[in-house]
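To start, the structure under review is shown below, and the notes come after it.
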Amino acid sequence: MRQRFTARAAVVGNRAGTVVPDVVLDVEDGAITWLGPAPEAPDAGDAEVVALPGVLTPGLVNTHSHAPMALFRGQGEGLPLDRWLQDVMWPREARLTPEDVEAAMTAASAEMLGNGITTSVEMYFHPERIAAAVGTTGARAVIATPLLPLPGMPPMEEQLAAAVALATGASGDGRVEYGLGPHAAYTVPLPVLRDAAAAAREHGLLVSLHVAETTTEGADLLAAHGMSVPALLAAQGVLGGRVLAAHCVHMDDDDLELWREYDVAVAHCPASNAKLASGVARVRDMLDRGIRLGLGTDGPASNDSLDLLADLRLAAAMARLREGAATALSAAEAFWLATGAAADAVGRPDLGVLEAGRRADLVHVDTRDLVFEPVGDPADLLAHLVWSADGRHVRDVWVGGEPVVRDGVSTRVDADASRRDVAERAARLAAG
Ligand SMILES: [Zn+2]
(Lines give C-alpha, C1' and ligand atoms only; values in the text may rest on other atoms or scores of the structure.)
Protein backbone atom coordinates (compact mmCIF):
# COMPACT_ATOMS: atom_id res chain seq x y z
CA MET A 1 0.00 0.00 0.00
CA ARG A 2 1.27 3.47 -0.94
CA GLN A 3 0.34 6.70 0.83
CA ARG A 4 1.29 10.31 0.21
CA PHE A 5 1.04 12.81 3.06
CA THR A 6 1.13 16.54 2.34
CA ALA A 7 1.35 19.16 5.07
CA ARG A 8 2.14 22.79 5.82
CA ALA A 9 5.55 21.67 7.09
CA ALA A 10 7.41 18.77 8.66
CA VAL A 11 9.57 19.02 11.77
CA VAL A 12 11.73 15.99 11.09
CA GLY A 13 13.04 15.34 14.63
CA ASN A 14 16.79 15.56 14.00
CA ARG A 15 19.35 17.37 16.14
CA ALA A 16 19.60 20.31 13.74
CA GLY A 17 15.86 21.02 14.05
CA THR A 18 15.21 20.76 10.32
CA VAL A 19 11.81 22.10 9.25
CA VAL A 20 10.67 21.32 5.69
CA PRO A 21 7.92 23.69 4.53
CA ASP A 22 5.20 22.62 2.05
CA VAL A 23 6.21 19.03 2.61
CA VAL A 24 5.46 15.77 0.85
CA LEU A 25 6.06 12.49 2.67
CA ASP A 26 5.62 9.18 0.85
CA VAL A 27 4.97 5.90 2.62
CA GLU A 28 5.02 2.38 1.30
CA ASP A 29 4.15 -0.69 3.37
CA GLY A 30 4.45 1.24 6.62
CA ALA A 31 7.86 2.82 5.95
CA ILE A 32 8.84 6.29 4.76
CA THR A 33 10.18 6.18 1.20
CA TRP A 34 10.60 9.90 0.40
CA LEU A 35 10.39 13.27 2.17
CA GLY A 36 11.00 16.72 0.75
CA PRO A 37 9.47 19.95 -0.53
CA ALA A 38 6.40 19.51 -2.73
CA PRO A 39 7.96 20.99 -5.93
CA GLU A 40 10.63 18.26 -5.86
CA ALA A 41 8.28 15.35 -5.10
CA PRO A 42 8.23 12.32 -7.41
CA ASP A 43 5.03 11.38 -9.23
CA ALA A 44 2.38 10.27 -6.71
CA GLY A 45 1.24 7.40 -8.91
CA ASP A 46 -1.66 5.48 -7.37
CA ALA A 47 -0.86 6.54 -3.78
CA GLU A 48 -3.70 7.43 -1.42
CA VAL A 49 -3.23 11.18 -0.74
CA VAL A 50 -3.72 12.52 2.79
CA ALA A 51 -3.69 16.35 2.79
CA LEU A 52 -3.04 17.85 6.23
CA PRO A 53 -3.36 21.54 7.11
CA GLY A 54 -0.90 21.44 10.03
CA VAL A 55 2.58 20.20 10.86
CA LEU A 56 3.85 16.64 10.54
CA THR A 57 6.25 15.32 13.17
CA PRO A 58 7.64 11.89 13.96
CA GLY A 59 5.78 9.83 16.54
CA LEU A 60 7.28 10.73 19.91
CA VAL A 61 9.34 8.10 21.75
CA ASN A 62 8.80 7.89 25.52
CA THR A 63 11.98 6.32 26.93
CA HIS A 64 10.73 5.60 30.45
CA SER A 65 7.21 4.73 31.54
CA HIS A 66 5.20 2.58 33.90
CA ALA A 67 1.95 3.44 32.12
CA PRO A 68 -0.36 0.91 33.86
CA MET A 69 0.14 3.08 36.96
CA ALA A 70 -2.64 5.19 35.45
CA LEU A 71 -4.60 3.20 38.05
CA PHE A 72 -2.83 5.20 40.77
CA ARG A 73 -2.68 8.67 39.25
CA GLY A 74 -2.78 11.38 41.91
CA GLN A 75 -3.08 8.90 44.79
CA GLY A 76 -1.18 9.83 47.94
CA GLU A 77 -0.50 13.30 46.58
CA GLY A 78 2.11 15.18 48.59
CA LEU A 79 3.24 12.30 50.80
CA PRO A 80 6.96 11.74 51.30
CA LEU A 81 8.30 8.89 49.16
CA ASP A 82 8.50 6.23 51.92
CA ARG A 83 4.91 6.79 53.09
CA TRP A 84 3.65 7.06 49.49
CA LEU A 85 5.17 3.63 48.76
CA GLN A 86 4.20 1.89 52.01
CA ASP A 87 0.74 3.34 52.59
CA VAL A 88 -0.52 3.97 49.07
CA MET A 89 1.34 2.12 46.30
CA TRP A 90 2.37 -1.26 47.66
CA PRO A 91 -1.04 -2.20 49.17
CA ARG A 92 -2.71 -1.40 45.85
CA GLU A 93 -0.09 -3.19 43.75
CA ALA A 94 -0.40 -6.28 45.96
CA ARG A 95 -4.05 -6.55 44.83
CA LEU A 96 -3.29 -5.96 41.14
CA THR A 97 -4.52 -8.58 38.63
CA PRO A 98 -3.25 -9.17 35.07
CA GLU A 99 -6.61 -7.86 33.83
CA ASP A 100 -6.07 -4.61 35.76
CA VAL A 101 -2.70 -4.13 34.03
CA GLU A 102 -4.13 -4.73 30.55
CA ALA A 103 -7.09 -2.41 31.14
CA ALA A 104 -4.90 0.37 32.52
CA MET A 105 -2.28 -0.01 29.79
CA THR A 106 -5.00 0.09 27.13
CA ALA A 107 -6.32 3.38 28.49
CA ALA A 108 -2.86 4.86 29.06
CA SER A 109 -1.60 3.75 25.65
CA ALA A 110 -4.58 5.42 23.97
CA GLU A 111 -3.84 8.53 26.04
CA MET A 112 -0.20 8.52 24.92
CA LEU A 113 -1.15 8.07 21.26
CA GLY A 114 -3.55 10.99 21.65
CA ASN A 115 -0.57 13.03 22.82
CA GLY A 116 1.56 11.94 19.85
CA ILE A 117 3.59 9.24 21.67
CA THR A 118 3.75 6.24 19.36
CA THR A 119 6.40 4.22 21.22
CA SER A 120 7.00 3.83 24.95
CA VAL A 121 9.54 1.91 26.98
CA GLU A 122 7.49 0.21 29.68
CA MET A 123 8.57 -1.44 32.89
CA TYR A 124 5.72 -3.05 34.79
CA PHE A 125 4.25 -6.35 35.97
CA HIS A 126 2.52 -8.73 33.51
CA PRO A 127 4.47 -7.72 30.40
CA GLU A 128 2.37 -9.93 28.08
CA ARG A 129 -0.70 -7.97 29.14
CA ILE A 130 1.08 -4.72 28.29
CA ALA A 131 1.82 -6.18 24.86
CA ALA A 132 -1.82 -7.19 24.44
CA ALA A 133 -2.91 -3.65 25.32
CA VAL A 134 -0.69 -1.96 22.71
CA GLY A 135 -1.94 -4.58 20.25
CA THR A 136 -5.39 -3.16 20.94
CA THR A 137 -4.47 0.52 20.68
CA GLY A 138 -2.01 0.21 17.76
CA ALA A 139 1.01 1.68 19.58
CA ARG A 140 4.55 0.32 19.75
CA ALA A 141 6.25 -0.66 23.01
CA VAL A 142 9.58 -1.86 24.27
CA ILE A 143 8.57 -3.77 27.39
CA ALA A 144 11.30 -4.33 29.96
CA THR A 145 10.11 -7.17 32.16
CA PRO A 146 10.57 -5.97 35.75
CA LEU A 147 13.03 -7.93 37.89
CA LEU A 148 12.44 -7.14 41.54
CA PRO A 149 12.68 -9.09 44.80
CA LEU A 150 9.14 -8.51 46.04
CA PRO A 151 7.13 -10.73 48.40
CA GLY A 152 4.98 -13.11 46.37
CA MET A 153 7.21 -12.94 43.29
CA PRO A 154 9.39 -15.90 42.19
CA PRO A 155 13.09 -16.04 43.13
CA MET A 156 15.22 -13.62 41.12
CA GLU A 157 16.91 -16.33 39.02
CA GLU A 158 13.47 -17.61 37.95
CA GLN A 159 12.29 -14.10 37.14
CA LEU A 160 15.36 -13.54 34.97
CA ALA A 161 15.03 -16.86 33.13
CA ALA A 162 11.36 -16.18 32.40
CA ALA A 163 12.10 -12.64 31.21
CA VAL A 164 14.85 -13.84 28.86
CA ALA A 165 12.59 -16.61 27.51
CA LEU A 166 9.82 -14.07 26.85
CA ALA A 167 12.19 -11.67 25.09
CA THR A 168 13.95 -14.23 22.91
CA GLY A 169 10.69 -15.99 21.97
CA ALA A 170 8.93 -12.87 20.68
CA SER A 171 8.18 -12.35 17.00
CA GLY A 172 10.31 -9.26 16.35
CA ASP A 173 7.79 -7.50 14.13
CA GLY A 174 8.79 -4.06 15.44
CA ARG A 175 5.48 -3.51 17.28
CA VAL A 176 6.42 -5.11 20.57
CA GLU A 177 9.95 -5.76 21.71
CA TYR A 178 10.72 -7.23 25.12
CA GLY A 179 13.75 -6.27 27.19
CA LEU A 180 14.94 -6.72 30.76
CA GLY A 181 14.04 -4.37 33.60
CA PRO A 182 16.19 -5.04 36.67
CA HIS A 183 14.71 -2.29 38.83
CA ALA A 184 17.88 -0.71 40.32
CA ALA A 185 21.21 -1.47 42.00
CA TYR A 186 19.75 -0.67 45.41
CA THR A 187 16.88 -3.17 45.02
CA VAL A 188 18.26 -6.01 42.86
CA PRO A 189 21.21 -8.18 44.05
CA LEU A 190 24.39 -7.42 42.08
CA PRO A 191 24.82 -10.99 40.71
CA VAL A 192 21.32 -10.78 39.21
CA LEU A 193 22.13 -7.42 37.61
CA ARG A 194 25.32 -8.93 36.18
CA ASP A 195 23.50 -11.99 34.80
CA ALA A 196 20.70 -9.87 33.35
CA ALA A 197 23.22 -7.62 31.58
CA ALA A 198 25.13 -10.63 30.23
CA ALA A 199 21.93 -12.20 28.89
CA ALA A 200 20.90 -8.89 27.34
CA ARG A 201 24.26 -8.52 25.57
CA GLU A 202 24.06 -12.10 24.31
CA HIS A 203 20.60 -11.56 22.78
CA GLY A 204 20.77 -7.84 21.89
CA LEU A 205 18.08 -6.92 24.43
CA LEU A 206 17.46 -3.54 26.01
CA VAL A 207 18.26 -3.33 29.73
CA SER A 208 16.25 -0.63 31.47
CA LEU A 209 17.06 0.23 35.08
CA HIS A 210 16.86 3.18 37.50
CA VAL A 211 20.11 4.98 38.42
CA ALA A 212 20.80 7.93 40.73
CA GLU A 213 17.23 9.16 40.94
CA THR A 214 17.56 10.43 44.52
CA THR A 215 20.47 11.63 46.67
CA THR A 216 20.14 8.85 49.24
CA GLU A 217 19.39 5.65 47.30
CA GLY A 218 23.07 4.79 46.68
CA ALA A 219 24.26 5.44 50.25
CA ASP A 220 24.26 1.80 51.43
CA LEU A 221 26.06 0.62 48.28
CA LEU A 222 28.63 3.39 48.66
CA ALA A 223 29.22 2.35 52.28
CA ALA A 224 29.50 -1.36 51.37
CA HIS A 225 31.59 -1.09 48.19
CA GLY A 226 33.21 2.35 48.35
CA MET A 227 31.89 3.20 44.92
CA SER A 228 29.12 5.25 43.36
CA VAL A 229 26.37 3.23 41.69
CA PRO A 230 27.65 3.95 38.15
CA ALA A 231 31.17 2.86 39.16
CA LEU A 232 29.76 -0.24 40.84
CA LEU A 233 27.72 -1.14 37.74
CA ALA A 234 30.83 -0.75 35.60
CA ALA A 235 32.94 -2.85 37.99
CA GLN A 236 30.30 -5.58 38.08
CA GLY A 237 30.09 -5.91 34.30
CA VAL A 238 26.56 -4.51 34.07
CA LEU A 239 27.43 -1.81 31.51
CA GLY A 240 27.94 -2.30 27.78
CA GLY A 241 25.28 -3.29 25.29
CA ARG A 242 21.88 -1.58 25.16
CA VAL A 243 21.74 -0.13 28.68
CA LEU A 244 19.13 2.58 29.28
CA ALA A 245 19.44 4.21 32.70
CA ALA A 246 16.45 6.17 33.93
CA HIS A 247 16.80 9.50 35.78
CA CYS A 248 20.60 9.79 36.36
CA VAL A 249 20.02 12.98 38.35
CA HIS A 250 22.88 12.68 40.85
CA MET A 251 25.92 11.99 38.68
CA ASP A 252 29.39 13.46 39.18
CA ASP A 253 31.94 13.96 36.39
CA ASP A 254 33.46 10.50 36.89
CA ASP A 255 30.00 8.91 36.65
CA LEU A 256 29.27 10.77 33.41
CA GLU A 257 32.65 9.72 32.06
CA LEU A 258 31.69 6.06 32.69
CA TRP A 259 28.40 6.60 30.85
CA ARG A 260 30.34 7.99 27.90
CA GLU A 261 32.91 5.20 27.99
CA TYR A 262 30.28 2.42 28.07
CA ASP A 263 27.79 4.28 25.82
CA VAL A 264 25.04 4.08 28.47
CA ALA A 265 21.89 5.92 27.38
CA VAL A 266 19.86 8.10 29.74
CA ALA A 267 16.08 8.32 30.08
CA HIS A 268 15.62 11.87 31.35
CA CYS A 269 12.33 12.37 33.21
CA PRO A 270 12.08 16.09 34.07
CA ALA A 271 8.42 16.14 35.14
CA SER A 272 8.84 13.22 37.54
CA ASN A 273 12.13 14.61 38.86
CA ALA A 274 10.44 17.95 39.54
CA LYS A 275 7.26 16.54 41.09
CA LEU A 276 9.20 14.27 43.46
CA ALA A 277 11.89 16.94 44.08
CA SER A 278 14.56 14.47 42.95
CA GLY A 279 16.72 17.16 41.37
CA VAL A 280 17.73 18.44 37.93
CA ALA A 281 19.78 16.15 35.68
CA ARG A 282 22.93 17.48 33.97
CA VAL A 283 21.44 17.42 30.49
CA ARG A 284 23.89 19.89 28.92
CA ASP A 285 26.91 18.09 30.37
CA MET A 286 25.57 14.76 29.12
CA LEU A 287 24.98 16.04 25.59
CA ASP A 288 28.39 17.72 25.47
CA ARG A 289 30.00 14.39 26.36
CA GLY A 290 28.11 12.64 23.58
CA ILE A 291 25.97 10.62 25.98
CA ARG A 292 22.78 9.36 24.33
CA LEU A 293 19.72 10.89 26.00
CA GLY A 294 15.96 10.70 25.49
CA LEU A 295 12.94 12.02 27.36
CA GLY A 296 10.62 9.92 29.46
CA THR A 297 7.39 10.69 31.23
CA ASP A 298 7.97 8.12 34.01
CA GLY A 299 4.79 6.54 35.38
CA PRO A 300 1.53 8.49 35.60
CA ALA A 301 1.63 8.19 39.40
CA SER A 302 4.76 10.35 39.45
CA ASN A 303 4.32 12.80 36.55
CA ASP A 304 1.13 12.75 36.32
CA SER A 305 0.43 13.41 32.67
CA LEU A 306 1.67 11.26 29.78
CA ASP A 307 2.42 14.26 27.60
CA LEU A 308 5.94 14.47 26.19
CA LEU A 309 5.18 17.72 24.35
CA ALA A 310 4.61 19.31 27.76
CA ASP A 311 7.61 17.55 29.28
CA LEU A 312 10.06 18.59 26.57
CA ARG A 313 9.21 22.20 27.35
CA LEU A 314 9.96 21.47 31.00
CA ALA A 315 13.24 19.79 29.98
CA ALA A 316 14.31 22.92 28.12
CA ALA A 317 13.23 25.20 30.96
CA MET A 318 14.97 23.13 33.66
CA ALA A 319 18.20 22.86 31.66
CA ARG A 320 18.21 26.62 31.13
CA LEU A 321 17.54 27.31 34.81
CA ARG A 322 20.25 24.86 35.86
CA GLU A 323 22.87 26.45 33.62
CA GLY A 324 21.58 30.01 34.00
CA ALA A 325 21.65 30.39 30.23
CA ALA A 326 18.93 30.57 27.58
CA THR A 327 21.33 28.74 25.28
CA ALA A 328 21.65 25.70 27.56
CA LEU A 329 19.16 23.62 25.56
CA SER A 330 17.80 24.84 22.23
CA ALA A 331 14.23 24.30 21.08
CA ALA A 332 15.59 22.05 18.35
CA GLU A 333 17.47 19.93 20.89
CA ALA A 334 14.46 19.74 23.21
CA PHE A 335 12.24 18.40 20.39
CA TRP A 336 15.01 16.02 19.28
CA LEU A 337 15.16 14.60 22.84
CA ALA A 338 11.57 13.39 22.41
CA THR A 339 12.07 12.07 18.87
CA GLY A 340 15.36 11.22 17.12
CA ALA A 341 17.52 11.25 20.23
CA ALA A 342 14.97 9.20 22.16
CA ALA A 343 14.88 6.53 19.46
CA ASP A 344 18.67 6.46 19.51
CA ALA A 345 18.68 6.15 23.33
CA VAL A 346 16.39 3.13 23.09
CA GLY A 347 18.53 1.63 20.34
CA ARG A 348 15.80 1.82 17.70
CA PRO A 349 17.19 3.47 14.55
CA ASP A 350 13.93 2.59 12.76
CA LEU A 351 11.98 5.20 14.78
CA GLY A 352 12.03 8.85 15.83
CA VAL A 353 12.95 10.79 12.65
CA LEU A 354 11.04 11.57 9.47
CA GLU A 355 13.40 10.25 6.83
CA ALA A 356 13.38 7.59 4.14
CA GLY A 357 13.88 4.10 5.50
CA ARG A 358 12.33 4.68 8.93
CA ARG A 359 8.91 3.49 9.99
CA ALA A 360 5.97 5.76 9.15
CA ASP A 361 5.03 6.72 12.71
CA LEU A 362 3.53 10.15 12.07
CA VAL A 363 1.86 12.87 14.10
CA HIS A 364 -0.25 15.66 12.66
CA VAL A 365 -0.23 18.73 14.91
CA ASP A 366 -3.06 21.19 14.33
CA THR A 367 -1.58 24.65 13.90
CA ARG A 368 -4.94 26.45 13.59
CA ASP A 369 -4.45 27.93 17.04
CA LEU A 370 -3.18 31.31 18.20
CA VAL A 371 -0.23 29.65 19.95
CA PHE A 372 1.14 28.79 16.49
CA GLU A 373 1.25 32.45 15.36
CA PRO A 374 3.14 34.31 14.10
CA VAL A 375 5.19 32.35 11.60
CA GLY A 376 7.66 34.61 9.81
CA ASP A 377 10.10 31.76 9.22
CA PRO A 378 9.38 28.00 9.09
CA ALA A 379 11.65 27.58 12.15
CA ASP A 380 9.01 29.50 14.15
CA LEU A 381 6.81 26.40 13.88
CA LEU A 382 9.42 24.44 15.83
CA ALA A 383 9.68 27.17 18.47
CA HIS A 384 5.89 27.19 18.89
CA LEU A 385 5.80 23.39 19.03
CA VAL A 386 8.32 23.42 21.89
CA TRP A 387 7.26 26.48 23.87
CA SER A 388 3.50 26.66 23.28
CA ALA A 389 2.04 23.34 22.18
CA ASP A 390 1.06 20.28 24.16
CA GLY A 391 -0.76 17.04 23.59
CA ARG A 392 -4.13 18.67 22.96
CA HIS A 393 -2.78 20.05 19.67
CA VAL A 394 -2.26 16.53 18.29
CA ARG A 395 -5.05 15.80 15.79
CA ASP A 396 -4.07 12.63 13.92
CA VAL A 397 -1.56 9.83 14.46
CA TRP A 398 -0.37 6.94 12.29
CA VAL A 399 1.78 4.00 13.39
CA GLY A 400 3.46 2.21 10.52
CA GLY A 401 1.15 4.15 8.20
CA GLU A 402 -2.00 2.90 9.97
CA PRO A 403 -4.32 5.52 11.46
CA VAL A 404 -4.61 5.10 15.25
CA VAL A 405 -5.90 8.58 16.16
CA ARG A 406 -8.23 10.51 13.86
CA ASP A 407 -9.40 14.02 14.67
CA GLY A 408 -8.24 13.58 18.28
CA VAL A 409 -10.08 10.29 18.82
CA SER A 410 -8.64 6.77 19.03
CA THR A 411 -9.66 4.68 16.04
CA ARG A 412 -9.32 1.50 18.15
CA VAL A 413 -10.46 2.18 21.72
CA ASP A 414 -13.69 3.56 23.19
CA ALA A 415 -12.05 6.16 25.47
CA ASP A 416 -15.14 6.67 27.68
CA ALA A 417 -15.60 2.96 28.32
CA SER A 418 -11.89 2.54 28.93
CA ARG A 419 -11.84 5.42 31.41
CA ARG A 420 -14.82 4.01 33.36
CA ASP A 421 -13.11 0.61 33.44
CA VAL A 422 -9.93 2.13 34.91
CA ALA A 423 -11.93 4.16 37.44
CA GLU A 424 -13.78 1.07 38.70
CA ARG A 425 -10.61 -1.00 38.96
CA ALA A 426 -8.75 1.84 40.73
CA ALA A 427 -11.58 2.12 43.27
CA ARG A 428 -11.44 -1.63 43.95
CA LEU A 429 -7.65 -1.55 44.38
CA ALA A 430 -7.88 1.42 46.75
CA ALA A 431 -10.64 -0.17 48.86
CA GLY A 432 -8.80 -3.47 49.34
ZN1 LIG B 1 10.77 4.43 36.66
Side-chain angles (χ1 to χ4, degrees), residues 61-69 85 89-90 93 96 98 101-102 104-105 108-109 119-134 140-150 152-170 176-213 217 229 233 236 238-248 264-269 272 294 296-302 342 345-348:
V61 177
N62 182 358
T63 65
H64 189 69
S65 172
H66 317 275
M69 296 178 83
L85 285 171
M89 294 308 305
W90 289 342
E93 287 187 330
L96 202 61
V101 170
E102 184 169 342
M105 185 66 203
S109 176
T119 301
S120 63
V121 177
E122 298 293 339
M123 184 199 291
Y124 208 61
F125 311 108
H126 307 297
E128 297 104 320
R129 295 304 192 109
I130 295 174
V134 299
R140 295 186 202 280
V142 180
I143 306 166
T145 299
L147 306 175
L148 197 56
L150 285 182
M153 285 182 72
M156 295 300 308
E157 293 75 16
E158 275 179 40
Q159 290 185 35
L160 175 57
V164 172
L166 178 65
T168 54
V176 168
E177 178 193 346
Y178 290 101
L180 305 180
H183 175 264
Y186 66 90
T187 47
V188 177
L190 288 170
V192 178
L193 278 168
R194 193 168 53 226
D195 292 349
R201 282 196 293 270
E202 183 187 343
H203 300 290
L205 307 177
L206 184 79
V207 176
S208 175
L209 78 171
H210 299 84
V211 176
E213 179 175 1
E217 69 191 37
V229 167
L233 293 172
Q236 293 283 326
V238 179
L239 306 183
R242 288 171 69 191
V243 178
L244 176 62
H247 302 298
C248 301
V264 176
V266 173
H268 173 44
C269 305
S272 165
T297 56
D298 207 352
S302 46
V346 178
R348 288 291 299 262

Considering non-hydrogen atoms only, spot the tightest contact between Arg201 and Val238 and give its length. NH1-O, 3.9 Å

Evaluate side-chain contact (heavy atoms from CB on, under 4.5 Å) for His66 paired with Ser302, printing each intermediate quantity in order. CA-CA 10 Å; His66 317 275; Ser302 46; 5.7 Å; no

Does some side-chain heavy atom of His64 sit less than 4.5 Å from a side-chain heavy atom of Val121? no

First locate atom OG1 of Thr119, then atom CD of Glu177, and finally report the distance between them rounded to the nearest 0.5 Å. 10.0 Å

Determine whether a donor-acceptor pair (N or O, by modelled atom type, separation under 3.5 Å) exists between the side chain of Arg242 and the backbone of Ala200. no

Report the distance from atom CD1 of Ile143 to atom CE of Met123, rounding to the nearest 0.5 Å. 12.5 Å

Non-hydrogen side-chain atoms of Val266 and Thr63 separated by less than 4.5 Å: no

Can you name the closest pair of heavy atoms from Ala67 and Met105 and give their distance? CB-SD, 3.6 Å

Would you check if Arg348 and Leu206 make a side-chain contact, meaning some heavy-atom pair closer than 4.5 Å? no

Measuring from atom OG1 of Thr145 to atom CD of Gln159, what distance do you get when rounded to the nearest 0.5 angstrom? 10.0 Å

Where is the tightest heavy-atom contact between Thr297 and Ser65, given as atom of each residue plus distance? OG1-CB, 4.1 Å

Note: Glu128 and Tyr178 closest approach over all heavy atoms is CA-OH, 3.7 Å

Could you tell me which non-hydrogen atom of Leu147 sits nearest to which non-hydrogen atom of Ala163, and how far apart they are? CD2-CB, 4.0 Å

Is it true that Glu213 and Tyr186 share a donor-acceptor pair across their side chains at a distance under 3.5 Å? no

Spatial distance of atom CZ (Arg129) from atom CG (Leu96) [nearest 0.5 Å]: 11.0 Å

Would you find a donor on one side and an acceptor on the other, under 3.5 Å apart, between the side chain of His210 and the backbone of Ala246? no

Which heavy atom of Ala196 sits nearest to which heavy atom of Leu180, and what is that distance? O-CD1, 3.3 Å

Name the one of Pro127, Ser109, Pro68 that satisfies side chain to side chain contact (heavy atoms under 4.5 Å, CB included) with Glu122? Pro68

Is a side-chain donor or acceptor of Arg140 paired with a backbone partner of Val134 at a separation under 3.5 angstrom? no

Do Pro182 and Met156 have side chains that get closer than 4.5 Å, going by heavy atoms? no

What's the separation between atom CG in Leu190 and atom CD in Gln236, rounded to the nearest 0.5 Å? 4.5 Å

Show your working on side-chain contact (heavy atoms from CB on, under 4.5 Å) between Met69 and Glu93 and close with a plain yes or no. CA-CA 9 Å; Met69 296 178 83; Glu93 287 187 330; 3.9 Å; yes

Without swapping roles, check the side chain of Glu217 against the backbone of Ala212 for a donor-acceptor pair under 3.5 Å. yes

Could you grab the distance from atom CG of Leu160 to atom CG of Asp195, nearest 0.5 Å is fine? 6.5 Å

Which residues pass the side chain to side chain contact (heavy atoms under 4.5 Å, CB included) test with Ala185, sequence neighbours left out? Leu193, Leu221, Val229, Leu233

